Peer 1: 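The structure under discussion is supplied below as structure tokens; questions concerning it will follow.
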Amino acid sequence: MGGVAKAEVFWRSALQGIRHQPFPHVVAVLTLGIALFTLGLGRAGSLAVEHLLRSLGTEVQVTVWLRPGAPQADVDVLSAALRGRGFGVQLVTPRAAVERLTRELGPAADALRGLASEPLPPSLELQVPPAWRDPAALRQLADELQRQAPVTAVDWGEAAVERLGALARALRWGGLFAFAILLCATVVVVSATLQLAIYARREEVEIQKLVGATDRFVRAPFLIEGLLQGMAGAALALVGLAAVLHWVAPPLETLFAFLRVPSPAAALWGLRSTLELLGVGALLGLLGSFLAVSRALRA
Amino acid sequence: MGGVAKAEVFWRSALQGIRHQPFPHVVAVLTLGIALFTLGLGRAGSLAVEHLLRSLGTEVQVTVWLRPGAPQADVDVLSAALRGRGFGVQLVTPRAAVERLTRELGPAADALRGLASEPLPPSLELQVPPAWRDPAALRQLADELQRQAPVTAVDWGEAAVERLGALARALRWGGLFAFAILLCATVVVVSATLQLAIYARREEVEIQKLVGATDRFVRAPFLIEGLLQGMAGAALALVGLAAVLHWVAPPLETLFAFLRVPSPAAALWGLRSTLELLGVGALLGLLGSFLAVSRALRA
Amino acid sequence: MIQMFHVTKSYPGDPPVLTDVNLTVDKGEFVFLTGPSGAGKTTLLRLVFCDEKPTRGQILVGGRNVARIRAASVPYLRRNIGVVFQDFKLLPHRTVLDNVAFTLDVLGTPRSESRERVLRMLKLVGLQHKAESLPLKLSGGEQQRVVIARALVNDPTILLADEPTGNLDPGLTVEILDLLCEVNVRGTTVVVATHDATLLERYQKRVIRLERGRVVSDTAQSEAVRRTG
Amino acid sequence: MIQMFHVTKSYPGDPPVLTDVNLTVDKGEFVFLTGPSGAGKTTLLRLVFCDEKPTRGQILVGGRNVARIRAASVPYLRRNIGVVFQDFKLLPHRTVLDNVAFTLDVLGTPRSESRERVLRMLKLVGLQHKAESLPLKLSGGEQQRVVIARALVNDPTILLADEPTGNLDPGLTVEILDLLCEVNVRGTTVVVATHDATLLERYQKRVIRLERGRVVSDTAQSEAVRRTG
Ligand SMILES: Nc1ncnc2c1ncn2[C@@H]1O[C@H](COP(=O)(O)OP(=O)(O)OP(=O)(O)O)[C@@H](O)[C@H]1O
Ligand SMILES: Nc1ncnc2c1ncn2[C@@H]1O[C@H](COP(=O)(O)OP(=O)(O)OP(=O)(O)O)[C@@H](O)[C@H]1O
Ligand SMILES: [Mg+2]
Ligand SMILES: [Mg+2]
């Protein structure tokens, strides 16, 4: 009952099965490949959405209006404190504020000509780190800052932030939902295909049992086949993803360029994703075959 | 050679096949169902994106600055012309403009107190109909308006519009791409499953041919089975979509509410979509079976 | 009815299965085909109903050259040939009734008529009580009789029976052989491949003997020789 | 070795296939099982190697009650029983060599050893030249001999042969039966289900006759009767 002898028998048996009856294997690999390809694209898509959200997040801006003539030291302390919490801080002098307002008002700017030389108060403009891009957190921050000495008011675009938060939630949940559906569909379709592939060979299972094979003995070669199918399917999916990366991603990226989203291609490729996909493929193939052959054994 | 007799034989044969060997049929229906379900969701998703884009489009705004003191008659003519082209037109008086600027500047508004009583020029704010929400069209409109007597300048947020246009293009192409992938995956997976289902029954095909059946005679019951499978799969998909509609869509819709997107559920349901899905299912089942049985006949 | 001229059949990589077979079976004849296991009996029959093409040589069946027949004409050829397959070839998920009726379905015979004929045929082979069973639930001999019924039900002009009594007891063997003789008397050309020496003895019909793919004896010829000699 | 006590087997919806069968086959015996088509021979053998459970009654095989055996023990029971199936049951996509080697693979015999034994066995049934063929490319008689080789290759303590010569010519039939006798002499209990009356004549072994699921005669008993009478 040498383990090596048995392992050899199982591999021989699996390879013979594939050689002499290639069709169900080809179909299983194809289905696994398509399923994993779709899954891989889905994952890349959800990463792209994640990036999109992060880049939209950079547009959250908080303006901290300062008392005109507040001591420079106080302002520096405040800036330092905010920087320490991860915010980007930029001082906008009254002059810069007027210039900007002029720009923003466009043709209506003539109206500003009548203003005093420094009519707008100075302000700090904050770049908000990801952890703070949340209406509740920002509201708390605003309250806290308002109590500081040099601060007259905090303007954090409540409506915009809430809107952005809602958009992020919606996209995230929508993406998650879509991905979950895709995952379920993959699992169901793959297991259905493997069931059918082994159903096409149910005679074999029956005969092996009649000749005195234990369930484990019957199952082993099918598991090896499932493993090989899963890995071949993953390889097929990788080829497909590489093709997408090469032919389809560049034009899509140009379209998305304005969003400053880092290439979703990065998510598609790389050693880690490759190994992950191979692993998922192997697992799917193995598990699917296990279930299918168990079913055939019970019959 | 009565056609009726033959049709009866084909139906009997198909139903007997399903009754005495249900497993491959069940798997085929399941796969078809999952595939169509995913496809249905994908379609609903792309409709939702389409609606999203339309609702984002309502935020395109054009401001037409008017010469202060321009004759009311000229302004009315201009408004009427624009309304005739489908634009929503609203006159903003200098007073209203100041009020709005005050609101927008927030704590910095004190600075405006020194302004003359009517320092801002009057303007027309245009709501842009869908057909005009396009950078090129808007640029042309702006040029045209600029040449009119009462107009001093036209502000149409060139950057914003271009950004929106790019976003729309990106989402549309991304969605189209995703849907195309899903469609291809569906077709491949369904045809693979049907190939395998008929492969599991290749013995039958072989025997029928040996006993003198023509290819058409062998094929007919398989086509009927494919048709039934496709329709059963579509029914399964409809059940799944109804479940999504009932359990999952409401929370998603709340999340998306702020975007003023009409319910994507509407796209999921309805007589037309139902019939469409059934049709697609029947077609897929029929075509897949046709290809699979043709392959089995050639072997 | 069946003529073979210099027929050779070989599968790639193996020595030829049939070598230069010349053979004439007239309309209405009853012929036993015998020979040791692996002699090529089944292969010879498969050539006749066009399940294989000869590697060399010509085969005429009812005047048609089946070595050159179009694929689309094969079904129509087969409808005139009843075949009892050595390995049965029953549709596993159709009832006995439907299996036998299949040859009639192919011809477009209405169900009402075909059902009656099938039941009559099943009665002849002693299986009327198994009409609604699935083949997998039958004994070996029962399955074999279903195949015989299927081959005979549409009154073929040629009947090819490959080891039709290998799973039957002596009593049934005689019954089935008598049935084949009766069919033969009604005009069907019958070729029976068999190992059963007692049958050859008992029925005293023409016997063609194959060995290693060659015709080594043919009682029709030896009789001709005897008569001329 | 094999004992049956009041064994009845019936499938739902049909009349019983076996009715109140009582039977004892001793270790080292050689028994012919005969009877008309559909008498229940195959079913009886299937009960012995646990492919079916009896509806009523007890069956002891090598001292174990197979009517009550756990599913997990069935494979180990079967490893001691060689079976020649009436419908062959060969793995269609494995070579002849691998088909025969399968019974040894199951036992964990190393390939080098099993290969040798398989080839020796194939030679005994006259198929050494077909070792690398797939079963579908063999003639009926060749397939049957592969099944016989598979059943014998692991020296089973019991051999159940269901119609093992149905597709063999008279010469081979004798060869195979002689082989079975030899195996029997070396200690294997052999049960051969057959229709072939000439075999019963020629070998003069114990004959159990089934009809409609009942044992209608058993030469062992009649001999016992004769001896006591
Ligand atoms: N498809 C094939 N490929 C290769 N060899 C084949 C094929 N079919 C048959 N043979 C070989 O041809 C020879 C003759 O086979 P055939 O089935 O005609 O024999 P047979 O006379 O019917 O024997 P039996 O009495 O055992 O049925 C056998 O040795 C067989 O192995
Ligand atoms: N799974 C089953 N379901 C229903 N009936 C069955 C089943 N298996 C066998 N039978 C019936 O039991 C009877 C005996 O079958 P069995 O195969 O034991 O006969 P046998 O003696 O081997 O006949 P043969 O000589 O024709 O092989 C037959 O009438 C058969 O139809
Ligand atoms: Mg043969
Ligand atoms: Mg039997």
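Computed from a predicted structure; not experimentally measured. Lettering of chains follows the sequences in order, A, B, ..., and the numbering in each one begins at 1.
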Peer 1: Kindly check if the number of other-residue, nucleotide or ligand heavy atoms within 6.0 Å of CZ (D:R212) is above 12?
Peer 2: no
Peer 1: So how far is it from A:E204 CD to D:L90 CG, rounded to the nearest 0.5 Å?
Peer 2: 12.0 Å
Peer 1: Rounded to the nearest 0.5 Å, how far apart are CD of A:E8 and OG of D:S112?
Peer 2: 8.5 Å
Peer 1: Taking 4.0 angstrom as the limit, do D:K89 and A:E203 come out as a salt bridge?
Peer 2: no
Peer 1: Would the number of heavy atoms belonging to other residues, nucleotides or ligands and lying under 6.0 Å from NZ of D:K53 be above 12?
Peer 2: yes
Peer 1: Identify the heavy atoms of D:F102 and A:V211 that sit nearest to each other, and give their distance.
Peer 2: CD2-CG1, 4.0 Å
Peer 1: Count the heavy atoms of every other residue, nucleotide or ligand shown that sit under 6.0 Å from CZ of A:R202, and state whether that count exceeds 12.
Peer 2: yes
Peer 1: Is it the case that atom CZ in D:R111 sees more than 12 heavy atoms from other parts of the structure closer than 6.0 Å?
Peer 2: yes
Peer 1: Among the options D:L134, D:L77, D:N154, D:N80, pick out the one with the most heavy-atom pairs lying under 4.5 Å from chain A.
Peer 2: D:L134
Peer 1: Once you round to the nearest 0.5 Å, how far does CD1 of A:I207 lie from CZ of D:R150?
Peer 2: 7.0 Å
Peer 1: Taking D:D98, D:V74, D:T103 one by one, which has the highest count of heavy-atom pairs under 4.5 Å against chain A?
Peer 2: D:D98
Peer 1: Using heavy-atom distances under 4.5 Å, tell me whether A:Q208 contacts chain D through its side chain, its backbone, both, or neither.
Peer 2: both
Peer 1: Taking atom NE2 of A:H20 and atom NE2 of D:H93, what is their separation to the nearest 0.5 Å?
Peer 2: 9.5 Å
Peer 1: If you measure from the Lys or Arg side-chain nitrogens to the Asp or Glu carboxylate oxygens, is any gap between A:R12 and D:D105 under 4.0 Å?
Peer 2: no
Peer 1: Can you tell me which portion of A:V9 sits under 4.5 Å from chain D's heavy atoms? Options are side chain, backbone, both or neither.
Peer 2: side chain
Peer 1: Can you find a heavy atom in the side chain of A:L210 that is under 4.5 Å from one in the side chain of D:D51?
Peer 2: yes
Peer 1: For the CZ atom of D:R78 and the NZ atom of A:K209, what is their distance to the nearest 0.5 Å?
Peer 2: 7.0 Å
Peer 1: How far apart are the closest heavy atoms of A:G212 and D:R79, and which atoms are they?
Peer 2: O-NE, 3.0 Å
